[in-house]
Amino acid sequence: MKSFAVADDQFPKSNDKKVVDCSKSNAFPLFNTIFFAFFFSVISYLFVTFRQKIHTATPLYLTLSEMAAVVCFVASFVYFLGFFGMNFLQSMPFPDEEEDDELEETNAKEIIHSTNSAGCVTKISDQDFLTPLPKSTTAVELLTATTEDEEVIQAVVTGQTPSYSLESKLGDCKRAAFIRRQALERITGRSLEGLPLDGFNYESILGQCCEMPVGYVQIPVGIAGPLLLDGMEFSVPMATTEGCLVASTNRGCKAINASGGATSILLKDGMTRAPVVRFATAKRAAELKFFLEEPLNFQTLASVFNKSSRFGRLQTIRCAMAGKNLYMRFTCSTGDAMGMNMVSKGVQNVLDYLQSDFPDMDIIGISGNYCSDKKPAAVNWIEGRGKSVVCEAIIKEEVVKKVLKTDVASLVELNMLKNLTGSAMAGALGGFNAHASNIVSAVYLATGQDPAQNVESSHCITMMEAVNGGKDLHVSVTMPSIEVGTVGGGTQLASQSACLNLLGVKGANKVSPGSNARQLAKVVAGSVLAGELSLMSAIAAGQLVKSHMKYNRSNK
Ligand code: ADP
């Protein structure tokens with residue numbers, strides 16, 4: 001007997017989460033009809049014959065045909081007893097070892113077959129298809145869980161159980177998410193239908209990526225490329241819902257490839273954190289500034305800082321004062337990690353150390369915004385943060401014409417008036433480009449980067465110049481603050497990790513720590529170069545609106 005939990009298209013409701021027997025009456029409608037006909041015909045036949053015998057006082061011996069009718073009656077009776085009786089028995093709340101064993105062996109795929117043939121379930125989620133039922137999950141347990149779920153949901157709704165404590169209380173992250181969303185729907189009176197719950201490993205985000213989950217948002221991933229960068233080909237994953245973006249970046253990659261590829265140079269690699277401390281006087285604050293900037297003190301400070309990690313290595317400390325307040329911008333290398341945690345730990349070590357020499361130092365905050373994280377700030381644009389990369393290519397005249405459908409002179413003029421002069425007129429801060437943030441965000445989402453760091457990571461100046469006697473186009477992007485990592489944060493999640501794997505930069509680089517993250521930063525810059533080329537060409541050729549109408553407003 002195959003039993004299974006009903007799945008309601010990626011969104012099982014607790015009330016629906018009950019055991020449903022793949023009822024034989026549904027499974028074999030033809031058989032049932034035949035047996036029903038049999039059953040009632042033999043009963044009526046026997047009834048009529050015996051009635052007649054009693055009326056005519058004939059002895060009640062069975063004739064051959066009556067014996068056959070009795071056999072048929074018994075057979076159809078046993079059939080119906082087995083059929084409906086088992087359903088009834090199965091709904092009784094006691095365990096059945098044989099059934100458990102069978103359930104353990106039953107994978108979701110088999111269930112779908114029997115389900116479909118039975119017509120019991122019309123919608124089945126991918127997860128149900130892919131994932132076998134857990135070994136320990138029996139029909140009875142699922143039933144019990146439903147009742148238990150209901151109690152916990154009520155406790156959350158009434159405020160008896162805090163929603164945030166569900167994971168630790170239940171010890172089952174998926175169930176916690178399921179219960180939280182049920183409670184949320186009841187509290188708000190609003191449905192979350194459409195936000196999937198199944199198909200995600202909630203254990204993988206616990207204590208690392210997201211608190212109090214109720215599901216996950218799906219973002220399609222498109223592939224641009226291959227991008228020929230430094231002699232290697234990269235297929236660039238982009239998670240976006242903006243039509244045209246992947247297609248456009250892909251066209252840029254095509255133009256770069258057809259011209260021999262792009263080249264990238266990494267100028268700097270260092271993550272920053274800048275605490276703010278206060279003194280009673282500006283004089284005392286300045287004394288600490290001089291102490292920190294004295295080259296003779298650097299080794300001591302570096303060894304204190306570096307204790308926090310195998311990978312964090314102090315590079316510089318740059319100070320800025322505001323009255324009696326001091327901002328100390330620590331920069332350190334962080335291996336393959338984006339590095340915010342690493343640099344913060346190192347800075348804390350140094351602050352603890354400084355406290356003994358400067359006991360009057362009042363630590364106001366480990367971050368004083370001179371870092372500067374996730375905010376537009378000139379310090380990042382000028383000094384850099386994370387990886388500073390320049391990427392360039394020379395696009396041949398015929399490629400500009402054939403692939404980009406424009407000409408070199410138009411591109412150079414547009415770049416000067418839009419990306420340089422136009423941005424200057426707008427008072428831009430690091431925004432001397434057409435749409436670097438489009439590509440940065442899409443690659444960041446696909447590869448598990450912190451999407452909020454798109455703010456400074458998208459700082460970019462795009463330059464275009466006619467070269468080779470005015471025939472070809474030299475194009476470059478300079479991006480001083482690309483903040484990426486291939487370990488930590490969202491990079492370890494299954495989907496994001498798959499995208500990093502596609503780029504060949506998944507996880508920590510064992511041979512040369514930091515190489516994977518640096519390579520990823522170069523790919524980001526190369527992709528931005530492709531995106532800039534294509535969008536600028538579309539604008540120069542007056543095609544922007546037309547292509548957006550084609551890709552963003554599809555009737556389909
Ligand atoms: P972040 O500092 O970017 O927030 P995490 O602190 O979350 O990153 O992750 C970095 C962790 O990964 C550290 O504990 C570090 O020791 C470990 N790690 C392992 N290999 C590497 C590597 N090659 N580069 C950087 N960190 C690494």
Side-chain angles (χ1 to χ4, degrees), residues 229-230 232 234 262-274 298 301-303 305-306 308-318 328-347 350 370-374 377-392 430 436 439-440 443-444 447-450 452-461 476-491 500 503-529:
L229 179 66
D230 303 321
M232 292 175 287
F234 297 92
T263 309
S264 65
I265 310 113
L266 188 117
L267 304 172
K268 258 192 208 175
D269 179 9
M271 183 41 73
T272 66
R273 179 55 94 199
F298 183 81
L301 293 169
S303 63
F305 183 101
N306 296 347
S308 64
S309 162
R310 283 177 295 153
F311 302 97
R313 292 290 169 263
L314 185 65
Q315 293 170 343
T316 58
I317 308 171
R318 185 178 290 273
M328 306 169 267
R329 193 172 190 260
F330 290 80
T331 307
C332 78
S333 57
T334 58
D336 288 308
M338 178 274 289
M340 282 305 307
N341 283 330
M342 211 177 273
V343 66
S344 300
K345 282 191 242 167
V347 167
V350 175
Y370 186 54
C371 319
S372 173
D373 194 37
K374 303 173 183 174
V379 71
N380 294 337
W381 175 233
I382 297 165
E383 294 287 329
R385 186 168 199 253
K387 278 88 177 141
S388 306
V389 181
V390 186
C391 189
E392 66 182 340
I439 291 92
V440 170
V443 177
Y444 272 32
T447 58
Q449 309 306 313
D450 187 335
Q453 289 184 323
N454 157 66
V455 174
E456 59 270 33
S457 294
S458 300
H459 284 345
C460 168
I461 184 163
S476 69
V477 292
T478 305
M479 303 179 68
S481 307
I482 301 178
E483 296 154 336
V484 289
T486 57
V487 296
T491 62
L500 287 170
L503 290 170
V505 294
K506 179 180 160 181
N509 190 311
K510 299 275 187 300
V511 184
S512 163
S515 303
N516 282 358
R518 287 194 284 271
Q519 183 61 64
L520 179 58
K522 289 179 174 184
V523 169
V524 169
S527 310
V528 168
L529 186 78

Which heavy atom in F330 sits nearest to a heavy atom in L314, and how many Å separate them?
CD2-CD1, 3.8 Å
Atom pair CD1 (I317) and CG (L301), whose distance is rounded to the nearest 0.5 Å:
4.5 Å
With a 4.5 Å limit on heavy-atom distance, are the side chains of D450 and K374 in contact?
yes
May I have the step-by-step check of side-chain contact (heavy atoms from CB on, under 4.5 Å) for V523 and V443, ending in yes or no?
CA-CA 9 Å; V523 169; V443 177; 5.6 Å; no
Looking at residues at least two apart in the chain, or sitting in another chain, which of them share a side chain to side chain contact (heavy atoms under 4.5 Å, CB included) with R518?
L266, D269, K387, S512, S515
Which heavy-atom pair separates A262 from L529 by the least distance, and what is that distance?
CB-CD2, 3.8 Å
If I compare all heavy atoms of G485 with all of A517, which pair ends up nearest, and what's the gap?
CA-CB, 4.2 Å
Without swapping roles, check the side chain of S309 against the backbone of F311 for a donor-acceptor pair under 3.5 Å.
yes
Which distance, rounded to the nearest 0.5 Å, do you find between the CD of Q453 and the OG of S458?
11.0 Å
Could you tell me whether the side chain of V343 reaches within less than 4.5 Å of the side chain of F305, counting heavy atoms only?
yes
How close do Q315 and F298 get, counting heavy atoms only, and between which atoms?
O-CZ, 3.3 Å
Classify the ring geometry of W381 against H459: parallel below 30°, tilted from 30° to 60°, perpendicular beyond 60°.
perpendicular
Which is it for D230 and S264 under the side chain to side chain donor-acceptor pair (under 3.5 Å) test, yes or no, and what are the steps along the way?
CA-CA 7 Å; D230 303 321; S264 65; 2.6 Å; yes
Taking side chain to side chain contact (heavy atoms under 4.5 Å, CB included) as the definition, give me every residue that meets it alongside K345, ordered by chain and number, with sequence neighbours left out.
S308
Close side-chain approach of Y370 to T272, heavy-atom, < 4.5 Å
no
So how far is it from S527 OG to L229 CG, rounded to the nearest 0.5 Å?
8.0 Å
So which heavy atom on T334 is nearest to which on G339, and how close?
CG2-CA, 3.5 Å
Here the gap from S481 atom OG to D373 atom CG, rounded to the nearest 0.5 Å, amounts to 11.0 Å
Report yes if the side chains of M479 and S457 come closer than 4.5 Å at any heavy-atom pair, otherwise no.
no
What do the steps show when you test M271 against M338 for side-chain contact (heavy atoms from CB on, under 4.5 Å), and what is the final call?
CA-CA 7 Å; M271 183 41 73; M338 178 274 289; 3.8 Å; yes
Quick one: closest heavy-atom pair of V389 and A521, and the distance?
CG2-CB, 4.1 Å
D336 pairs by side-chain contact (heavy atoms from CB on, under 4.5 Å) with which of N516, L520, V484, V505?
N516
Step by step, work out the side-chain contact (heavy atoms from CB on, under 4.5 Å) result for E383 and K268.
CA-CA 10 Å; E383 294 287 329; K268 258 192 208 175; 4.3 Å; yes
What do you reckon, is CZ of R313 surrounded by more than 12 foreign heavy atoms closer than 6.0 Å?
yes
Would a 4.5 Å heavy-atom cut-off, applied to side chains only, mark R329 and R385 as touching?
yes
So, taking the atom named CG in N454 and the one named CD in E483, what distance separates them when rounded to the nearest 0.5 Å?
10.0 Å
Does a side chain donor of either T486 or T491 reach within less than 3.5 Å of an acceptor in the other side chain?
no
